[in-house]
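Start at 1 with the first residue, then count along the sequence. Being a predicted model, the structure only gives us computed values, none of them experimental.
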Amino acid sequence: MNRIPAIKDAAIKMTKAIAQQAPAAVANALINLRVDGRAVQVEKGATLLDAINKSGSHVPTLCYHPEFEPRAVCRMCLVDVNGSDKPLPACRTIAQEGQVIMTNSEELKSFRRRDLQFLLNRHPNDCIRCEAAGQCKLQSLVQEEQVQDMWPASAKKARGSPEHPEHLLHDHTSPSIFRDMDKCIECGLCVEACAAQKINAIGFAERGSGVLPITAFDKPLAETGCISCGQCTLRCPVGALIERPDWHRVLEVLDGRKRKTIVQTAPATRVAISEEFGLEPGSISTGRMINALRQLGFDYVTDTNFSADLTIMEEANELLQRVQGKREGALPLFTSCCPGWINYVEIHRPDLIPHLSTTKSPQQMHGAIARNGPLAKLIAEETEEEPFIVSIMPCTAKKDEAVRPGSRGDIDAVITTRELAKMIRHRNIPFASLSNDGKYDSPMGDSSGAAAIFGASGGVLEAALRTAADALGLDGPIEHEGIRGVERGVKIASIEGLGSVAAVSSIGSAIDLLSNDEWKKKFLMIEVMTCPGGCLGGGGEPKSDDKDILKKRMEGIYKIDSSATIRKSHENKEVQQLYDTFLGSPLSEKSEALLHTTYAARGSPREKLSQFLGSVDARDYQGAARLCAEDCIWDTNTPTFGAACGKDSIKCLIKDKLPKVNKKCGQEIKRHRLLDVDGTDVLGPDGQKHHFDIVLDDAGLIKCLTRTSL
């Protein structure tokens, strides 16, 4: 035991030397070595960890992920190597011909146990209530090694104590992500993930034992440049960074049986949920998932793929109208399905807003139709109470999207693929053994192969090209291999008769593409997916250390498409019927009201107006007041309501004087809608146009708001 500090110091020194080794592998060149007495061959350039995994042996890791360059800070993967008098970190040591590796000597095992005890010293040990319980690497190792917490509560140096008084440790301000830094083990994977996205909302502060990944200036996450992509939550090995949990509330509603419930499932969820229950990655579990959702108690199980087809109908027609000069907005057209991308534009690049498609995402389109369309009218025959609408998404930013002004209230709860798995486990549903024959309900259950590929990078663009080519009478291919793939970067295709298009995988790649104006000259349409690989790599998907996991999921997605009866969005019969009986046509007045949205630069008067009117529409007087300065004046310029002076008067006007909102099931929602790409002209719920003059104070709160009829 007394050699353990020396082992750690020596290993750290050796790691610095190893960092200079070139990790590039030479194709097809193999080397031979032995691991725990077993012979193994690996490609030249592979790490000791690769060799150990291939041999069937095991070493634990806490700070390793195959996407990032190994940092070897957790020290859990130290191994003995012949010829070295120091243990070496397996995650970043390049394997050499003839090496003999020992992974489980008594000294190594003793060191790992002591390392775990050091981590427990500052850990809150709140596993019973922790959202990461059962999926936490630290918890797993502690259970495996049966490590005892040697420090009594009185001796623990918890964060928030004098040793760490300066940092915000519990941050639940984001609508998408919770940060509980007292659970952090300083592995650095969240910093690596955020840096790979080129957002850098999280970085390291302090040094040595005081190091901690925090936001810039220790601001709440909601006040940083975070775009809610959730890649940090996907990589966190413990419970320090998690998606905002909504599954508890959903289970409560399901168990209460007081409201009709509708659930929609995103394309990527059906090929990822399988991993949570031991099935082969990429396995298509659509039917199992539907059956599990029915066992959970959902009344109507519907498909986001339906609204993906609807999205293409609106977006393709929007593109054609922009090309013809019949619609406001700039070219090239940017897709708008990815909320992380929308957040990036509004926070960091509001100059790009004119290029964004105004079509809502499939999630929000689905919510609007489910709450106002044929399904709602069907439910209204049984009850007047509004249904509780849930979406199952691979994306943490979808939680953010559901509370955006103009869409707020359409979706009651968004849960990730990981959260759905928790619900299934908590209700003891044997997912892996369920029949894979479940079918979606109708309406809102039919879809095309084009809708399925929305889950992969390039899929939205490929689906749009299929419909646009038919609309223009072009004889083009149905599959566009050039824009497929899960790697970070930009994929380009040239379509005869249309022009060049680009699919961008990861927000970091988009930042690179947009660093100059060449994209404006080259492309007609650009799809941006914030997460690498698209929704398949979303922040709410199952966690995995498999370097090929995205490829496996992608194969499942394209298998759904290739086997689909119809493969073009405009051939979806349910979508055609929706237009015939409810919407009229793409870009109709009703389509514009329900299926399209507007954008605003974050912190701008336009955004504050949109948020304020959204709160007014929902009669959320508390939310409206939070947007206002104490001495704010809201002049309605109406004889009925006049001017409200001060926050209390504004709350009183909204709460007590405006007509109550008692929307019944099947009744269409009436909301304020911003007009034009910018400015503060608004279409009111009564169909009248108004202009708002808005003044903000230095804190960004509304100081004065004046409405004028146009």
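Counting heavy atoms from C-beta on, the side chains of T416 and P394 never come closer than 4.5 Å. When side chains are defined from C-beta on, C187 does not count as touching C74, because their heavy atoms never get closer than 4.5 Å. Residues L536 and I549 form no side-chain contact, since every pair of their non-hydrogen atoms from C-beta on lies 4.5 Å or further apart. The shortest distance between side-chain heavy atoms of C130 and C136 does not fall below 4.5 Å.
Under the 6.0 Å distance and 45° angle rule, R75 does not count as a cation-pi partner of F118.
C232 is linked by a side chain to side chain contact (heavy atoms under 4.5 Å, CB included) to I177, C190, I202, L241, counting only residues two or more places apart in sequence or in another chain. Applying the salt bridge (Lys or Arg N to Asp or Glu O under 4.0 Å) criterion to R249, with sequence neighbours excluded, gives D246. Looking at residues two or more places apart in sequence or on another chain, you find a side chain to side chain contact (heavy atoms under 4.5 Å, CB included) between D512 and K198. For E131, the side-chain hydrogen bond (donor to acceptor under 3.5 Å, both in side chains) partners at least two apart in sequence or on another chain are W247, H248, K422. In this structure, the side-chain hydrogen bond (donor to acceptor under 3.5 Å, both in side chains) partners of D546, at least two apart in sequence or on a different chain, are K552. Applying the side chain to side chain contact (heavy atoms under 4.5 Å, CB included) rule to S506 yields the partners Q197, R488, S509, P532; only residues at least two apart in sequence or on another chain are considered. In this view, E223 satisfies the salt bridge (Lys or Arg N to Asp or Glu O under 4.0 Å) rule with no residue, not counting sequence neighbours. Residues satisfying the salt bridge (Lys or Arg N to Asp or Glu O under 4.0 Å) test with D545, not counting sequence neighbours, are K137. For E346, the side-chain hydrogen bond (donor to acceptor under 3.5 Å, both in side chains) partners two or more places apart in sequence, or in a different chain, are R404, R602. Contacts of S57 classified as side-chain hydrogen bond (donor to acceptor under 3.5 Å, both in side chains), with partners at least two apart in sequence or in another chain: D36, R38. Every residue two or more places apart in sequence or in another chain that forms a side chain to side chain contact (heavy atoms under 4.5 Å, CB included) with D80 is listed here: P87, M102, S105, L108.
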Give the intermediate values and the outcome of side chain to side chain donor-acceptor pair (under 3.5 Å) for residues T396 and E243.
CA-CA 6 Å; T396 52; E243 66 268 46; over 6 Å; no
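In K543, the NZ atom is crowded: over 12 heavy atoms of neighbouring residues, nucleotides or ligands sit closer than 6.0 Å. Within 6.0 Å of atom NZ in K547, 12 or fewer heavy atoms from other residues, nucleotides or ligands are found, so the atom counts as exposed in its surroundings.
Panel note: side chain N291, backbone R288; no donor-acceptor pair is recorded below 3.5 Å. The main-chain N or O of G539 is found under 3.5 Å from a side-chain atom of T233 such that the two form a donor-acceptor pair. Using a distance-only test at 3.5 Å, with no hydrogens or angles considered, a donor-acceptor pair links the side chain of E97 to the main chain of N32.
The CG atom of D218 lies 10.0 Å from the CE atom of M181; values are rounded to the nearest 0.5 Å.
Across all non-hydrogen atoms, the minimal contact from F454 to P267 is CB-CG, 4.0 Å.
Ring-plane geometry between F68 and H65 is classed as tilted, the angle between the planes lying from 30 to 60 degrees on a 0 to 90 degree scale.
Screening residues 30-60 for ring-ring contact (aromatic ring centres under 6.0 Å, His included) gives no qualifying pairs among residues at least two apart or on separate chains.
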